[in-house]
Amino acid sequence: MQSTHQYNALPATGRLRSPVGLGQATAVLLGLVIAADLFALWADYVMYDVTGDLAAGSLGEVERAGDADRLYNSAGYAQSAALLGCAAVFLCWFHRVRVNAEVFRPDGHAKSRGWTIGAWFTPVVNFWYPRRIALDIWDASSPGTPWGPPRPHGPVNAWWTAWVVSLVADRAGWQAYRKADTAEEIHAATGQVMFADALDILAAALAIAFVLRLTRMQHEKALQGPTAGAAGSAAGIG
C-alpha cells in the first residue's frame with residue numbers, strides 16, 4: 001500500500017519512496033511470527049509436560065508422547081513459514097528505508113547499500129553490521145537532522161539486543177533438542193526451547209515498535225520537504 005502523500009526530493013542521490021506500505025506489512029507479518037511463537041510455546045509446554053511424566057516413569061504417556069511430537073513438529077513448520085515470509089518483507093522494507101536515509105543524509109552511512117541485505121547473510125558480521133546500518137538509518141531519519149541531534153537509539157538497541165539473545169538461545173535450545181535421547185534430556189531441552197520461543201516473542205514485539213517508529217519518522221521527515229535536509233527539487237513517490 002503506497003502513501004497518497006507527495007514527498008519532496010532532498011539531495012539528488014536517490015529518490016524517496018514511501019516506506020509506509022512495506023512498514024505496515026512488516027508489522028503485520030511480525031505479528032504472525034508472534035502468533036506462530038505462541039503456538040510453539042503451547043506445543044513446547046505439551047512436550048515438556050509429557051516428557052516430564054515419562055522421565056518420572058509413567059509408561060502410560062507413550063501414546064500421548066506421539067501426539068505431542070506431531071504437535072511439536074507442526075509448530076516448528078508454522079514458525080519457519082512465518083519467519084521466512086516476514087524476513088522477505090522485512091528486508092524489502094529495510095532496503096527502502098536505507099535508500100531513503102541516504103537521500104536524507106548522503107554522508108551519514110558507514111556501510112554501503114549492498115550491506116543492507118548482505119550483512120544479514122554474512123557470518124560473524126551479521127551480529128553487528130545490521131545494527132550499525134539501522135542506527136545510521138535512524139539518525140538520518142530523525143527530525144531536525146543533519147543539524148540537530150538524532151532521536152535516542154533506545155528502540156534500535158532494545159530490538160537488536162532481544163533479537164541477538166533470542167537467536168543464540170534458539171540455536172542452543174535446538175542443538176540440545178537434537179542431541180537429546182532420553183526422556184530426561186528431551187524434557188530439559190524442551191525447557192530451553194520454551195525460553196527461546198518466549199524471547200523471540202519479545203524480539204518480534206520490539207521489532208514491530210522499531211519498524212513502525214522508523215517508518216513514521218521517515219514519512220514525517222519526507223513530508224517536511226527540503227527543510228528536513230539539503231535543498232532539492234520536488235518529486236513524487238516512486
Side-chain angles (χ1 to χ4, degrees), residues 1-37 78-106 108-109 111-121 130-131 133-145 150-151 153 155-156 158-160 162-163 200-201 203-229 232-238:
M1 181 177 65
Q2 294 286 347
S3 170
T4 57
H5 294 282
Q6 290 294 108
Y7 287 175
N8 290 323
L10 301 179
T13 57
R15 187 179 184 185
L16 286 176
R17 299 183 65 190
S18 173
V20 174
L22 281 173
Q24 291 173 344
T26 301
V28 169
L29 289 172
L30 282 165
L32 290 179
V33 169
I34 292 175
D37 285 336
Q79 283 182 300
S80 297
L83 180 61
L84 287 174
C86 181
V89 177
F90 176 89
L91 288 176
C92 291
W93 169 83
F94 197 58
H95 186 267
R96 179 165 296 186
V97 293
R98 167 63 176 80
V99 173
N100 285 348
E102 191 172 332
V103 177
F104 292 137
R105 190 175 180 182
H109 305 276
K111 308 301 175 187
S112 65
R113 282 188 191 179
W115 282 113
T116 307
I117 304 298
W120 296 91
F121 302 99
R131 173 184 173 272
I133 295 167
L135 288 175
D136 289 342
I137 296 170
W138 184 271
D139 290 347
S141 305
S142 293
T145 54
R151 286 185 175 175
H153 294 161
V156 182
W159 155 64
W160 188 251
W163 161 253
D200 197 59
I201 291 173
L206 291 172
I208 291 174
F210 161 67
V211 169
L212 293 179
R213 173 73 77 82
L214 180 54
T215 298
R216 184 168 63 251
M217 284 166 55
Q218 285 208 344
H219 181 63
E220 291 174 351
K221 186 160 187 171
L223 291 177
Q224 293 173 12
T227 58
S233 58
I237 301 173

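Start at 1 with the first residue, then count along the sequence.
With values rounded to the nearest 0.5 angstrom, Leu30 atom CG is found 9.5 Å from Leu83 atom CG. Atom CE of Met217 and atom CG of Asp139 lie 8.0 Å apart (nearest 0.5 Å). With rounding to the nearest 0.5 angstrom, the OG1 atom of Thr26 is 9.0 Å from the CG atom of Leu91.
Taking every heavy atom of both residues into account, Trp160 and Pro130 meet most closely at CH2-CB, 3.6 Å. Taking both residues in full, the closest heavy atoms of Ala140 and Lys221 are given as O-NZ, 2.8 Å, listed atom of the first, atom of the second, then distance. The minimum heavy-atom distance between Thr215 and Gly23, with the atom names listed, is OG1-CA, 3.8 Å. When every heavy atom of Ala82 is checked against every heavy atom of Ala36, the shortest pair comes out as CB-CB, 4.0 Å. Shown here for Val97 and Pro19, the closest heavy-atom pair between the two residues is CG1-CB, 3.8 Å.
Contact check for Val33 versus Leu29: no side-chain heavy atoms found under the 4.5 Å cut-off. Contact of the Asn100 side chain with the Ser141 side chain is not registered, since no non-hydrogen atoms from C-beta on lie closer than 4.5 Å. Between Gln218 and Phe104, the closest side-chain pair of non-hydrogen atoms falls below 4.5 Å. Taking 4.5 Å as the limit, some side-chain heavy atom of Phe94 sits within range of a side-chain heavy atom of Ile137. For the pair Ile34 and Ile208, the minimum side-chain heavy-atom distance is below 4.5 Å.
Checked by atom type and distance alone, the side chain of Trp138 never pairs as donor or acceptor with a backbone atom of Leu214 at under 3.5 Å. Between the side chain of Arg96 and the backbone N or O of Ser18, at least one donor-acceptor pair lies under 3.5 Å.
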His95 vs Arg98, side chain to side chain contact (heavy atoms under 4.5 Å, CB included): CA-CA, chis, key distance, verdict: CA-CA 5 Å; His95 186 267; Arg98 167 63 176 80; 5.6 Å; no
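Shown here are the ring pair (Phe, Tyr, Trp, His ring centres under 6.0 Å) partners of Trp93, two or more places apart in sequence or in another chain: Phe90, Phe210.
Each of Lys111, Arg17, Arg15, Arg113 was evaluated against Glu102; a single residue qualifies, Arg113, per the salt bridge (charged side-chain N to carboxylate O under 4.0 Å, His left out) test.
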